Amino acid sequence: MAIFLDENSRVVVQGMTGSEGSKHTRRMLAAGTQVVGGVNARKAGTSVGFDDVTLPVFGTVAEAMEQTGADVSVLFVPPAFTGDAVIEAVDAGIGLAVVITEGVPVHDTARFWAHAKDSNTRIIGPNCPGIISPGKSNAGIIPADITKPGSIGLVSKSGTLTYQLMHELKDFGFTTCVGIGGDPIVGTTHIDAIAAFEADPETELIVMIGEIGGDAEERAAEFVRDNVSKPVVGYVAGFTAPEGKTMGHAGAIVSGSSGTAEAKKQVMEAVGIRVGKTPSETAALARAFLTS
């Protein structure tokens, strides 16, 4: 099985007619994703050709859902318009909204996060690579050809480290890889993904990738301690990062000793999570679990 996204998912792309949306729609189709259309109010009624597939463009997410049965939206929308685009998808009742856009103002993210809180929509992102269930579906920008279906579940703040772990563990493969994004506010958290992997009978091992700053990893460790029976391997990016500096992602800032990679590592290891100090060491730890 996979979590959140599978071979039956029907995907609509908000921003499909733009350069990034068009490029990644083509890649998603090549990965076997059921992309069923795009949304652009100014180009409603037109269509876009992708090799041997022609996809319609709708004026609204609601119209796209009604006409195609879409239950997933992937958003390639400029930052200034992302908030309203996500709220439109939530109001239409989309099941999953994957927000790829980087640079979304935090107050806009807070607004659409609050709007979706009591809805039936799961948000992944913003500022994320998306989600892939190898061999089934790919919603976002994750390369589909660097791994295969398997028994590992991966949740990560970092897109690049998602790709690296997928590649290093490609001989075992993955049920689903979720890039949750590194902004201060995100829709789906480590805990959300870990809980889903714990409930998934085909996921045998969970890999969580965090980074310096905040307390998401510490909260995930507490959840693992109290709720997870499967082995968990982790990595925290930023062991060499200087304190008080924002490193890469907007959420990756350290305050004193709180939020450092070493502090997170200690908390995670205290609940039984094996933590590597490099991505390759983390992959080796995962490999050891799966071959023991």
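Remember, it's a predicted structure, so these values are computed and weren't measured experimentally.
Shown are Asp183, Thr82, Thr109, Thr101; of these, the side chain to side chain donor-acceptor pair (under 3.5 Å) with Asn127 is made only by Asp183. When the options Thr46, Thr17, Thr60 are evaluated for a side chain to side chain donor-acceptor pair (under 3.5 Å) with Asn40, the one that passes is Thr17. Results of the side chain to side chain contact (heavy atoms under 4.5 Å, CB included) test with Thr175 over Leu154, Ile206, Asp6, Thr203 single out Thr203 as the only residue that passes.
Val233 and Phe223 fall within a single hydrophobic cluster, where Ile, Leu, Val, Met, Phe, Trp and Tyr side chains are chained together by heavy-atom contacts under 4.5 Å. In the hydrophobic clustering of this structure, Phe174 groups with Ile146; members are Ile, Leu, Val, Met, Phe, Trp, Tyr whose side-chain heavy atoms approach within less than 4.5 Å, directly or through other members. The same ILVMFWY cluster, assembled from side-chain heavy atoms under 4.5 Å apart, contains both Ile3 and Leu165. Both Tyr163 and Leu161 sit in one connected hydrophobic cluster of ILVMFWY residues. Membership requires side-chain heavy atoms under 4.5 Å apart, directly or through other members. Ile100 and Val178 fall within the same hydrophobic cluster, defined by Ile, Leu, Val, Met, Phe, Trp and Tyr side-chain heavy atoms under 4.5 Å apart, directly or through other members.
Enclosure of atom CZ in Phe81 is not indicated, since only 12 or fewer non-hydrogen atoms of other residues, nucleotides or ligands lie within 6.0 angstrom. In this structure, Lys170 places its NZ atom where only 12 or fewer heavy-atom neighbours from other residues, nucleotides or ligands lie under 6.0 Å away. More than 12 non-hydrogen atoms from other residues, nucleotides or ligands lie less than 6.0 angstrom from CZ of Arg287. No more than 12 heavy atoms of other residues, nucleotides or ligands lie within 6.0 Å of CG in Asn120, so this atom counts as exposed by the packing criterion.
Judged purely by atom type and a 3.5 angstrom limit, Thr162 uses its side chain to pair as donor or acceptor with the backbone of Ser158. Judged by distance alone, the side chain of Thr189 and the main-chain N or O of Ile191 form a donor-acceptor pair under 3.5 Å. Between the side chain of His24 and the backbone N or O of Ala139 there is no donor-acceptor pair closer than 3.5 Å. Judged by distance alone, the side chain of Ser47 and the main-chain N or O of Thr54 form no donor-acceptor pair under 3.5 Å. Put simply, the side chain of Glu88 gets close to the backbone of Val61: a donor and an acceptor are under 3.5 Å apart. Side chain of Asn138 to backbone of Ile142: a donor-acceptor contact under 3.5 angstrom is found.
Considering OH of Tyr235 and CE of Met208, their distance stands at 13.0 Å, rounded to 0.5 Å. Between the SG atom of Cys128 and the CG atom of Leu75 there is a distance of 10.0 Å, given to the nearest 0.5 Å. Taken from NZ in Lys23 to CD1 in Ile141, the straight-line distance is 8.5 Å, to the nearest 0.5 Å. Phe4 contributes atom CZ, which lies 10.0 Å from atom OG of Ser133 (distance to the nearest 0.5 angstrom). Considering CG of Leu29 and CG of Leu55, their distance stands at 5.5 Å, rounded to 0.5 Å. Here the OG1 atom belonging to Thr121 is positioned 11.5 Å from the CZ atom belonging to Phe112, to the nearest 0.5 angstrom.
Using a 4.5 Å heavy-atom cutoff, the side chains of Lys43 and Val48 are not in contact. At a threshold of 4.5 Å between non-hydrogen side-chain atoms, the residues Glu204 and Leu290 count as touching.
Salt-bridge check for Lys264 with Glu218: passed, with a basic side-chain N closer than 4.0 Å to an acidic carboxylate O. Using a 4.0 Å cut-off between a side-chain N of Lys or Arg and a carboxylate O of Asp or Glu, Glu217 and Lys157 qualify as a salt bridge. The pair Asp84-Arg111 counts as a salt bridge, with a side-chain nitrogen and a carboxylate oxygen less than 4.0 angstrom apart.
A donor and an acceptor atom, one from each side chain of Gln34 and Ser137, are nowhere located under 3.5 Å apart. Side-chain N/O atoms of Glu168 and Gln164 include a donor and acceptor closer than 3.5 Å. When only modelled atom types and interatomic distance are considered, Thr68 and Arg10 share no side-chain donor-acceptor pair under 3.5 Å. Side chain to side chain, Gln14 and Ser73 meet the donor-acceptor criterion of an N or O pair below 3.5 Å.
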Original post:
Does the side-chain contact (heavy atoms from CB on, under 4.5 Å) test come out yes or no for Asn227 and Glu198, once each step is laid out?
Top reply: CA-CA 8 Å; Asn227 301 280; Glu198 171 70 8; over 6 Å; no
